[in-house]
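Reviewing the structure listed below.
Sequence lines set the chain letters: A, B, ... in the order given, protein chains first and strands last, and positions in each chain run from 1.
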Number of protein chains: 2
Amino acid sequence: MRQIIEERTGSFSRSPQLVEAPAANLRVAAHTTVLHEGDPARRIMEVVEGAVMLTKLLPDGRRQVVELLGPGDVFGLAHDEAYACSAETLTPSVISTHERSALERDPVLAARLLRRFEAQLCVMHSHALVLGRMSALERVAFFLLRLMPEGMVGGATLHLSMTRQEIADFLGLTLETVSRAFSELKRRGLVALLRADEVRIQDRGSMRRLAGAA
Amino acid sequence: MRQIIEERTGSFSRSPQLVEAPAANLRVAAHTTVLHEGDPARRIMEVVEGAVMLTKLLPDGRRQVVELLGPGDVFGLAHDEAYACSAETLTPSVISTHERSALERDPVLAARLLRRFEAQLCVMHSHALVLGRMSALERVAFFLLRLMPEGMVGGATLHLSMTRQEIADFLGLTLETVSRAFSELKRRGLVALLRADEVRIQDRGSMRRLAGAA
DNA sequence: CTCTACCATTGAGAAAGATCAACGGCGGAG
DNA sequence: CTCCGCCGTTGATCTTTCTCAATGGTAGAG
């Protein structure tokens, strides 16, 4: 896996204190595992460009995609010195990495991470509501609204860079249930499927109602 | 609700910069709603003593307990200037509150919050795995292990300060399913129920296996 | 151009959990 | 002390989602 295409020292978050804790920018292909759950947690990372998913596994192989990340989001968090999640790119991405020790030395970095952690924690709270209390159809509606930037015009079509299995692992469903939910949304006219991975939201109002005011 | 019993200016995190952003410690009775989802987010809070649960509601009344907090944990997070969750005490608690602006002025506070956010984000990742991929029995086992401090001796009994409904709302189940799971764990000898809210873990190994190495 | 993965869709049957309902116990109010 | 109300338990049934299985589409390799 780890098909890191390019690595260069970062022009990102450079500051006088950072002499021995350099930031590095990685350019990574799609479908690359950037880090592994359980590995020693040496660095903390930010998505600069692209999309990354964080996953956790149960011993028997059940998988949960715990978070979907875009530009600005932070990952590589540690519990007991080990990464709590694996991270895999969904699209070609640029990732900025920092020594963990830089957190104590670089207040600008620390402040940015603090703001971002707060945002990501709020998103996780919403996701808990989705996973704990929403039906399959509601989950898929929520997922599509979350991907579709608010200001996006009605005509624009959304490209999904996830398979049905990945969406299912994110929403706590099976791939068949996700597929059925897509078909149901299409049948109700809330959504148009140009291709399996090309979606247009037709009736945003009904989608929002389904997703519980997302 | 809001039965605040006592308020006093905090001896907590006092620092020279904090002249106009004082910390305040609140002493709060059990079963008190400390803040409401949607209210303007003016302050950020830390649990000093006691236990707090964060909840979110869907428009039709379905509820999810998104996080359980103990001493050191932070809440009062905001999305768009409004609290993302309601917060309710489970036991009599002491809560320290800070102006949000203190975050920019008090680096000690900011550093503490950064560490805590990272820990809470990791816990939320685990919880997503629980909600998305675990069976009812596994969820309840996970819940009990999470409450039972690691070092706790076999003989010690755990007091649950949550009703079956609250546990269900935390685990994404119904209260009946939670009750059945407790009975099943008892029947299998993994747990002893002295009273409905008094539990002893009898077979920690089997519990850990059920909970997927929690 | 064709073949071949892989991915998505759809259907039928099974299982887990939700819902509806009745009963029992414990604790606080009077 | 007794009553009443809330909470928990258990049972029966129903719904949703999972599981298993077959079929169809699409994109990349040869």
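- Atom CZ of B:R42 has 12 or fewer neighbouring heavy atoms from other residues, nucleotides or ligands inside a 6.0 Å radius.
- Within the shown strands, nothing qualifies as a pairing partner of D:dT26 under the Watson-Crick or G-U definition with both distances less than 3.5 Å.
- Residue A:Q165 contributes atom CD, which lies 15 Å from atom C1' of C:dT9 at whole-angstrom precision.
- A:L175 has its CG atom 12 Å from the C1' atom of C:dC6, to the nearest Å.
- Nearest nucleotide to the side chain of B:S179, out of D:dT10, C:dT9, C:dC7: D:dT10.
- Per the geometry, CG belonging to A:L160 stands 13 Å off C1' belonging to C:dC7, to the nearest Å.
- The nearest whole Å value for the distance from the CG atom in B:L193 to the P atom in D:dC7 is 18 Å.
- Put simply, CE on A:M134 and CG on A:L210 are 9.0 Å apart, with the number rounded to the nearest 0.5 Å.
- A:S135 and A:E138 get closest at one heavy-atom pair: N-OE1, 2.8 Å.
- Put simply, the side chain of B:R116 gets close to the backbone of B:G72: a donor and an acceptor are under 3.5 Å apart.
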Notebook entry, point to check: Using a cut-off of 4.0 Å between protein heavy atoms and nucleotide atoms, how would you tag nucleotides 18-27 of chain D 5' to 3' with B, S and -?
Noted result: SBB------S
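- Salt bridge status for B:E184 with B:R187: present, with a side-chain N to carboxylate O gap under 4.0 Å.
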Next item on the list: For the pair B:F182 and B:R164, evaluate side-chain contact (heavy atoms from CB on, under 4.5 Å) and give the outcome as yes or no after the intermediate values.
Entry: CA-CA 10 Å; B:F182 271 101; B:R164 295 290 184 265; 3.8 Å; yes
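- For C:dA16, the base adopts the anti conformation, since its glycosidic angle falls more than 90 degrees from zero.
- Summarising the base pairing, D:dA12 is matched to C:dT19 through a Watson-Crick or G-U wobble pair whose two defining distances lie under 3.5 Å.
- Listed nucleotides D:dG8, C:dT9, C:dG17 differ in distance to B:S135; the shortest reach to its side chain belongs to C:dG17.
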